[in-house]
Amino acid sequence: MKKICTFLMIGILISSCSDDGGGNPINCDFETLISAEQYQNAPSDQLEINSLEINGNCLKINFSSGGCDGNTWELKLVDSEDILESNPPQRNLRLSLKNDEICQAYLTKELTFDISNLQIDGNEVQLNITNSQQNILYEY
């Protein structure tokens, strides 16, 4: 009976643990686009990036803009396709906002973007968010 209980406990412990291959499940709100054309031409309505944070393969962006409630905003995080050869290598990104709301409220939102497609050879890349003058080191 003791052996059965021991095996049962081990089975419960094993099934309650999960290994996602790196401890970084991808549960981000949006994908990151890699497009030179979109980087240049996507909407660029006014916004202010308040903070950047990387959690696993998700880049969390806290930003503010004017509007009514932000429910109609269209947002994209777009990479320029360029990889700048430096140490560490760098990529340029832009948070694109299309905002047709005509209200005077100032809203703050926080969204996450899957940045796993920005990985290159090595184990890190600096992400330059060009419309905020901020950068953050992505280590993977």
Side-chain angles (χ1 to χ4, degrees):
M1 185 67 176
K2 249 184 174 179
K3 286 183 181 180
I4 293 173
C5 287
T6 303
F7 285 122
L8 184 59
M9 290 300 288
I10 290 171
I12 290 171
L13 287 173
I14 290 172
S15 67
S16 67
C17 298
S18 66
D19 183 9
D20 60 13
N24 299 324
I26 300 177
N27 293 323
C28 311
D29 299 319
F30 299 99
E31 298 291 321
T32 299
L33 303 173
I34 299 177
S35 168
E37 189 273 327
Q38 286 284 316
Y39 182 82
Q40 291 295 322
N41 301 317
S44 57
D45 291 332
Q46 182 144 2
L47 62 86
E48 178 180 355
I49 295 178
N50 305 313
S51 66
L52 303 170
E53 180 183 328
I54 294 177
N55 184 7
N57 290 314
C58 292
L59 173 62
K60 184 188 323 180
I61 302 178
N62 180 292
F63 66 97
S64 302
S65 186
C68 301
D69 58 14
N71 289 334
T72 65
W73 291 353
E74 295 177 25
L75 288 135
K76 300 178 200 174
L77 182 63
V78 186
D79 177 85
S80 69
E81 292 187 42
D82 295 326
I83 299 172
L84 307 174
E85 294 184 29
S86 61
N87 190 16
Q90 301 177 51
R91 298 189 79 130
N92 292 324
L93 296 102
R94 181 168 72 86
L95 183 61
S96 165
L97 170 65
K98 180 179 180 190
N99 181 359
D100 293 330
E101 296 181 358
I102 306 174
C103 296
Q104 295 192 13
Y106 193 66
L107 309 169
T108 297
K109 291 195 172 215
E110 194 166 79
L111 299 173
T112 57
F113 296 86
D114 179 358
I115 54 174
S116 61
N117 61 343
L118 301 179
Q119 295 179 6
I120 56 175
D121 289 341
N123 61 354
E124 64 184 12
V125 63
Q126 180 173 302
L127 306 178
N128 302 318
I129 314 300
T130 58
N131 58 330
S132 75
Q133 304 304 313
Q134 295 186 45
N135 58 55
I136 189 165
L137 185 63
Y138 173 35
E139 298 176 285
Y140 41 90

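Note that the structure is predicted; figures quoted are calculated from it, not measured.
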Identify the two heavy atoms, one from [X] and one from [Y], that lie closest to each other, and give their separation to 0.1 Å.
X	Y	value
C68	A105	O-CB, 4.4 Å
L137	I54	O-CD1, 3.5 Å
N62	E110	ND2-OE2, 3.3 Å
C58	T112	CB-CB, 4.2 Å
I129	L59	CD1-CD2, 4.2 Å
D29	L111	OD2-CA, 3.4 Å

(message) Going by ring pair (Phe, Tyr, Trp, His ring centres under 6.0 Å), name the pairs with one or both residues in residues 116-140, residues two or more places apart or in two chains.
(response) Y138-Y140
(request) Any ring pair (Phe, Tyr, Trp, His ring centres under 6.0 Å) involving residues 94-122? Give me the pairs, sequence neighbours left out, ordered by first then second residue. (result) F30-F113
Measure the [atom1]-[atom2] distance between [X] and [Y] for me, rounded to the nearest 0.5 Å.
X	Y	atom1	atom2	value
S96	L75	OG	CG	7.5 Å
L95	T130	CG	OG1	9.5 Å
Q133	I49	CD	CD1	10.0 Å
L84	S86	CG	OG	6.5 Å
E53	I61	CD	CD1	11.5 Å

(message) Clusters formed by hydrophobic residues whose side-chain heavy atoms approach within less than 4.5 Å: which one holds L33, and what are its other members?
(response)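 Result for L33 is Y39, V78.
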(request) Apply salt bridge (charged side-chain N to carboxylate O under 4.0 Å, His left out) to E124 and list each qualifying residue two or more places apart in sequence or on a separate chain. (result) none
(request) Check salt bridge (charged side-chain N to carboxylate O under 4.0 Å, His left out) between R91 and all other residues, then give those that pass, not counting sequence neighbours. (result) D79
Below 4.5 Å, heavy atoms only, C-beta onward: do [X] and [Y] meet side chain to side chain?
X	Y	answer
Q46	N99	no
N57	C28	no
D45	S65	no
I83	V125	no
P88	E139	no

(message) With no hydrogens and no angle check, just 3.5 Å: does a side-chain donor-acceptor pair link T72 and D100?
(response)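 The answer is no; no qualifying pair exists.
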(message) Assess, by modelled atom type and distance only, whether the side chains of N92 and Q90 contain a donor and an acceptor separated by less than 3.5 Å.
(response) no
Say whether, by atom type as modelled, one donor and one acceptor occur between the side chain of [X] and the main chain of [Y] under 3.5 angstrom.
X	Y	answer
N131	R94	no
S80	L93	no
K109	G70	yes

(request) Mark yes when over 12 heavy atoms from residues, nucleotides or ligands other than D69 sit less than 6.0 Å from its CG; otherwise mark no. (result)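 Result for CG/D69: enclosed.
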(message) Under the rule for side chain to side chain donor-acceptor pair (under 3.5 Å), what residues qualify as partners of N123, not counting sequence neighbours?
(response)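 Per chain and number, N123 pairs via side chain to side chain donor-acceptor pair (under 3.5 Å) with no residue.
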(message) Does N117 form a side-chain hydrogen bond (donor to acceptor under 3.5 Å, both in side chains) with T32? I'd like the steps, not just the answer.
(response) CA-CA 7 Å; N117 61 343; T32 299; 4.6 Å; no
